[in-house]
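Read the structure below first, then the notes.
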Amino acid sequence: MKKQAKVPKPCPKCEDRGYILSEDGAIPCDCQAEARTQRIIKAAGIPPRFANKSLRSFQIISPKHKEIIDFAGSFIRTFHTKAPNHPTKGLLLVGGEGTGKTHVAIAILREILAKGFRGLYWNVPELFLELRRTMGTSTDLDEAAILDEAVETDLLVLDDLGAEKVSEYVMDRLYVLINGRYESDLPTIITTNRTLEELRAQLGPRIVSRISEMCMMMTFPPGDYRLRNMR
């Protein structure tokens with residue numbers, strides 16, 4: 001016998017009406033704001049596993065971690081401003097597997113979305129898988145539309161650069177994407193397990209030189225952050 005799916009409990013404040021009656025009339029319930037936040041997070045492509053990541057929830061266990069989180073906070077506060085203390089147009093987060101790069105990148109993206117800006121998350125290998133899926137199809141979401149959205153959004157997060165299998169197709173599209181962000185002077189956050197030298201050897205100097213000019217590099221200390229969180 002199949003188990004019946006659990007029916008979500010109604011909001012205890014408004015009983016899913018979306019508003020609360022008060023002496024001043026009907027006012028929107030907090031659950032509506034939360035629902036809107038979740039829609040924005042989903043539209044930005046943030047995976048459910050990372051949907052609630054924040055800078056506050058990042059476990060700081062070294063001075064380097066504190067430096068990274070402090071810098072990320074400054075990046076958020078001065079995003080899209082001409083403030084003299086605006087730290088950088090983008091970030092290149094470098095470190096080994098499981099060091100917390102994706103957590104920080106998505107935490108920044110979530111804060112920028114909360115400010116009302118547009119944003120988009122793409123795991124780089126999955127981006128190219130999605131681009132290839134559109135080839136030869138007649139759907140509304142074609143290769144050009146995917147790349148245009150990534151080029152034009154206010155903040156783009158490219159996760160795990162260097163993990164993709166390199167080909168002429170990948171190199172061409174990646175150049176279009178990186179160069180489009182570079183020429184539009186739009187901020188990009190990139191995470192990678194590779195060093196700059198390894199990226200240059202893999203992706204070529206044209207792409208990496210633009211990344212170097214667009215982004216400030218921050219290196220995460222070694223150690224498996226995911227394993228620490230499981231203890």
Are the side chains of Leu177 and Val151 in touch, meaning some heavy atoms are under 4.5 Å apart?
yes
Taking all non-hydrogen atoms of both residues, which atom of Tyr121 and which atom of Gly45 are closest, and how far apart?
CD2-O, 3.3 Å
Min side-chain heavy-atom separation Ile146-Leu127 under 4.5 Å:
yes
Quick check: closest heavy atoms across Arg194 and Gly162, and the distance to 0.1 Å?
NH2-O, 2.9 Å
Taking side chain as C-beta onward, heavy atoms only, is Val124 less than 4.5 Å from Thr192?
no
Got a sec, which residues hit side chain to side chain contact (heavy atoms under 4.5 Å, CB included) with Val176, two or more places apart in sequence or on another chain?
none
Check whether any side-chain heavy atom of Met171 sits under 4.5 Å from a side-chain heavy atom of Val166, and report yes or no.
yes
Any non-hydrogen side-chain atom of Ile108 less than 4.5 Å from a side-chain atom of Val157?
no
So, for Gly119 and Leu109, which heavy atoms are closest and what is the spacing to 0.1 Å?
CA-CD1, 3.7 Å
For the hydrophobic clusters of this structure (ILVMFWY residues joined by side-chain heavy atoms under 4.5 Å, transitively), does one cluster hold both Leu174 and Leu147?
yes
Output all residues satisfying side chain to side chain contact (heavy atoms under 4.5 Å, CB included) with Leu129, sequence neighbours left out; order by chain, then residue number.
Arg133
Using atom types as modelled, flag every donor-acceptor pair under 3.5 Å from a side chain in residues 207-223 to any protein atom, sequence neighbours excluded.
{"unit_1": "Ser209", "atom_1": "OG", "unit_2": "Pro205", "atom_2": "O", "d": "2.9"}
{"unit_1": "Ser209", "atom_1": "OG", "unit_2": "Arg206", "atom_2": "O", "d": "3.1"}
{"unit_1": "Arg210", "atom_1": "NE", "unit_2": "Asn179", "atom_2": "OD1", "d": "2.8"}
{"unit_1": "Arg210", "atom_1": "NH1", "unit_2": "Arg206", "atom_2": "O", "d": "3.0"}
{"unit_1": "Arg210", "atom_1": "NH2", "unit_2": "Tyr175", "atom_2": "OH", "d": "3.3"}
{"unit_1": "Ser212", "atom_1": "OG", "unit_2": "Val208", "atom_2": "O", "d": "2.9"}
{"unit_1": "Glu213", "atom_1": "OE1", "unit_2": "Tyr182", "atom_2": "OH", "d": "3.1"}
{"unit_1": "Glu213", "atom_1": "OE2", "unit_2": "Tyr182", "atom_2": "OH", "d": "3.2"}

Under the 3.5 angstrom rule, does the side chain of Thr195 hit a backbone N or O of Glu198 as a donor-acceptor pair?
yes
How many angstroms lie between atom CD1 of Ile41 and atom CG of Asn52, to the nearest 0.5 angstrom?
6.5 Å
Which residues pass the side chain to side chain contact (heavy atoms under 4.5 Å, CB included) test with Ser167, sequence neighbours left out?
Arg132, Tyr169, Val170
Can you find a pair of side-chain heavy atoms, one from Ile178 and one from Leu203, that are under 4.5 Å apart?
no
Contacts of Thr188 meeting side-chain hydrogen bond (donor to acceptor under 3.5 Å, both in side chains) (sequence neighbours excluded), chain-then-number -> Arg181
Distance-minimising heavy-atom pair for Leu113 and Ala44:
CD1-CB, 3.8 Å
Do Ile68 and Phe71 have side chains that get closer than 4.5 Å, going by heavy atoms?
no
Tell me, please, which residues at least two apart from Arg173 pass side-chain hydrogen bond (donor to acceptor under 3.5 Å, both in side chains).
Glu143
Could you name each residue pair satisfying salt bridge (Lys or Arg N to Asp or Glu O under 4.0 Å) that touches residues 152-166, not counting sequence neighbours?
Arg118-Asp154
The side-chain contact (heavy atoms from CB on, under 4.5 Å) partner of Leu92 among Ile190, Leu158, Leu161 is Ile190
Could you report the tightest heavy-atom contact between Ile60 and His65, atom names first, then the distance?
CG2-CB, 3.9 Å
Quick one: ring pair (Phe, Tyr, Trp, His ring centres under 6.0 Å) partners of Phe117, sequence neighbours excluded?
Phe79, His80
Scan for side-chain hydrogen bond (donor to acceptor under 3.5 Å, both in side chains) pairs involving residues 107-116, sequence neighbours excluded, and state none if there are none.
none
Applying side-chain hydrogen bond (donor to acceptor under 3.5 Å, both in side chains), can you list everything that pairs with Lys42, at least two apart in sequence or on another chain?
none
What one should report as the nearest heavy-atom pair of Pro187 and Phe75 is CB-CZ, 4.3 Å
Under 3.5 Å, side chain of Thr134 to main-chain N/O of Leu131, donor-acceptor pair present?
yes
With sequence neighbours excluded, residues passing side chain to side chain contact (heavy atoms under 4.5 Å, CB included) with Glu126:
Asn123
Who are the side-chain hydrogen bond (donor to acceptor under 3.5 Å, both in side chains) partners of Asp148, not counting sequence neighbours?
none
